[in-house]
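Here the structure is a predicted model, which is why all the values come from computation and not from measurement.
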Amino acid sequence: MKEAEVVAKDASKTLADTLEEKKFGVGSTLDLETKAVLNYSNLTDNNVFAQVEGGVTYLPYVAPKVVNLFRRIPMSTETYAYTDQTAATRAAIMAALCGTGETFTSSETLEAKLINYVKVKDSLDICLDYASDYSFVEDSARFLLQTSVVDKIEDQLINGSGTSNEMFSLESYSAEFDDTFAALPLTDSIDSANMADLALGMAAQIEVSGLLNTYMPNVVLVNKGDFFKQIESAKDANGNYLDPRITKVGGSTYIGNLLVVASPKVAVNSMYVFDSTKGSILDRQQTTLAMSTENGTNFVDGFGTLLTVSKLQFLVRDAEAGAFMKCSNIATAISNILKPVV
């Protein structure tokens, strides 16, 4: 039997139309076999066969910006001791040649000071079977705890009270900005005053309080919203950006010589100006993270306890506290230093 050849020359014709047009010899036969069509509906739970991306994409978390502004001092015991000059009288005199009977009154008072570290920690129980079956689970849990401790340290460095178990902080050490400061009053003195003027005015007061020698303010710590609205986006009536004192160097922003550091931990309508060389991180124990099953019934239940711990303290010596200043109400402070229009 001669094999039939079927060719569909026109895609618009059905198979039946094509067969009708063909001429077959006597005795020729044609067998048609209908098969089921496979498509996506035949594959259930197709997500099982999906390409899997390794790792975990994390939600936003706080970076260690503020803590990295200060030098670290290793701490070997619970308590750190240092000595401050708490009073100083410099009273040199102009003396006559071969003079006798002069009186000298220069003096100083020294005082030993003590400060203890504080402990920051976080913990999480994790099912060991879960962690064993999914390789990314334990790494993700560790990262969660590490960033949790970083978040707490950043918050405490800015807002800690220095009492109970809290750290000393920029808030606890800094003096409040005073536009009537006797050595450099700024009340009603600055034309078209803005947030940049306020920051530089605070820096100037710090320098003056250090007798233009001891303190060199180099950082302004701000809330990003305040900085963007009042400085970065500020324009004149012609749409020109206002302040040439705002510069960018290597990805960092400066107001004059002040490095701008923005943190979500800074309250709206507040900021800090300081000399970062006058603060130190007392480092008793850098952040460690360990897992143990020896916690309650964890061993029997098949759980491990992750624990992360950091021991540290923020130190500003009393003799150098003048290097730190805060402004708790930017709007009011700007209003106070604004020169009235005559």
Can you check whether [X] reaches [Y] side chain to side chain, under 4.5 Å on heavy atoms?
X	Y	value
Gln286	Ser310	no
Phe324	Leu170	yes
Val309	Val120	no
Gln230	Ile330	yes
Phe299	Asp301	no
Thr147	Val149	no
Lys278	Asp275	yes
Leu200	Ile255	yes

(message) According to ring pair (Phe, Tyr, Trp, His ring centres under 6.0 Å), does anything in residues 76-107 pair up with another residue at least two apart or in another chain? List the pairs.
(response) none
Looking at every heavy atom in both [X] and [Y], which two are closest together, and how far apart are they?
X	Y	answer
Ser106	Ala91	OG-N, 2.8 Å
Ala131	Ile126	CB-CD1, 4.0 Å
Val118	Met167	CG2-CG, 3.2 Å
Ile206	Gly322	CG2-O, 3.6 Å
Ala321	Val316	CA-CG1, 3.8 Å
Ala63	Val150	C-CG1, 4.2 Å

Salt bridge or not between [X] and [Y]? Use side-chain N to carboxylate O under 4.0 Å.
X	Y	answer
Asp197	Arg245	yes
Lys224	Glu232	yes
Arg72	Asp283	yes
Glu171	Lys326	yes
Lys113	Asp84	yes
Lys152	Asp122	no

Short question: side chain of [X], backbone of [Y] - any donor-acceptor pair under 3.5 Å?
X	Y	answer
Gln313	Asn116	yes
Asn159	Lys265	yes
Ser280	Leu282	no
Thr187	Ile337	no
Ser169	Ser172	yes
Glu108	Thr89	no
Asn223	Val266	yes
Thr308	Thr288	yes

(message) If you apply the rule side-chain contact (heavy atoms from CB on, under 4.5 Å), what do you find for Tyr215 with Glu207, and how did you get there?
(response) CA-CA 5 Å; Tyr215 309 142; Glu207 290 183 63; 5.8 Å; no
(request) List for me each residue that meets ring-ring contact (aromatic ring centres under 6.0 Å, His included) alongside Phe70, sequence neighbours excluded, and say none if there are none. (result)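 If we apply the ring-ring contact (aromatic ring centres under 6.0 Å, His included) test to Phe70, skipping adjacent residues, the hits are Phe274, Phe314.
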Nearest 0.5 Å, please: how far is [atom2] in [Y] from [atom1] in [X]?
X	Y	atom1	atom2	answer
Leu221	Ser276	CG	OG	11.5 Å
Thr180	Leu186	OG1	CG	9.5 Å
Leu258	Tyr254	CG	OH	10.0 Å
Glu154	Ser263	CD	OG	6.0 Å
Phe143	Ser148	CZ	OG	11.5 Å
Leu289	Arg142	CG	CZ	5.0 Å

Looking only at side-chain N and O atoms, does [Y] offer a donor or acceptor that is under 3.5 Å from a partner on [X]?
X	Y	value
Thr253	Lys248	yes
Thr109	Gln85	no
Thr293	Asn298	no
Thr163	Glu166	no
Asn269	Asn329	yes

Verify the neighbour count for atom [atom1] of [X]: are there more than 12 heavy atoms of other residues, nucleotides or ligands below 6.0 Å?
X	atom1	result
Met291	CE	yes
Asp133	CG	yes
Asn68	CG	yes

(request) Tell me, with the steps shown, if Thr86 and Leu110 meet side-chain contact (heavy atoms from CB on, under 4.5 Å). (result) CA-CA 6 Å; Thr86 57; Leu110 303 180; over 6 Å; no
I'd like to know if [Y] and [X] are part of one continuous hydrophobic network [Ile/Leu/Val/Met/Phe/Trp/Tyr, side-chain heavy atoms within less than 4.5 Å].
X	Y	result
Met325	Phe181	yes
Val67	Leu315	yes
Ile115	Ile153	yes
Tyr58	Leu144	yes
Ile73	Val66	yes

(message) Leu306 vs Ser123, test: side-chain contact (heavy atoms from CB on, under 4.5 Å). Steps then yes/no.
(response) CA-CA 5 Å; Leu306 283 169; Ser123 181; 5.8 Å; no
(message) Run Ile231 and Ile246 through side-chain contact (heavy atoms from CB on, under 4.5 Å) and show every step you take.
(response) CA-CA 8 Å; Ile231 295 180; Ile246 312 305; 3.7 Å; yes
(request) Check the pair Tyr173, Phe168 against ring pair (Phe, Tyr, Trp, His ring centres under 6.0 Å), reporting the backbone distance first and the verdict last. (result) CA-CA 7 Å; Tyr173 283 125; Phe168 291 102; 5.6 Å; yes
(message) Apply side chain to side chain donor-acceptor pair (under 3.5 Å) to residues Glu176 and Ser328 and explain how you reach the verdict.
(response) CA-CA 7 Å; Glu176 186 68 44; Ser328 300; 2.7 Å; yes
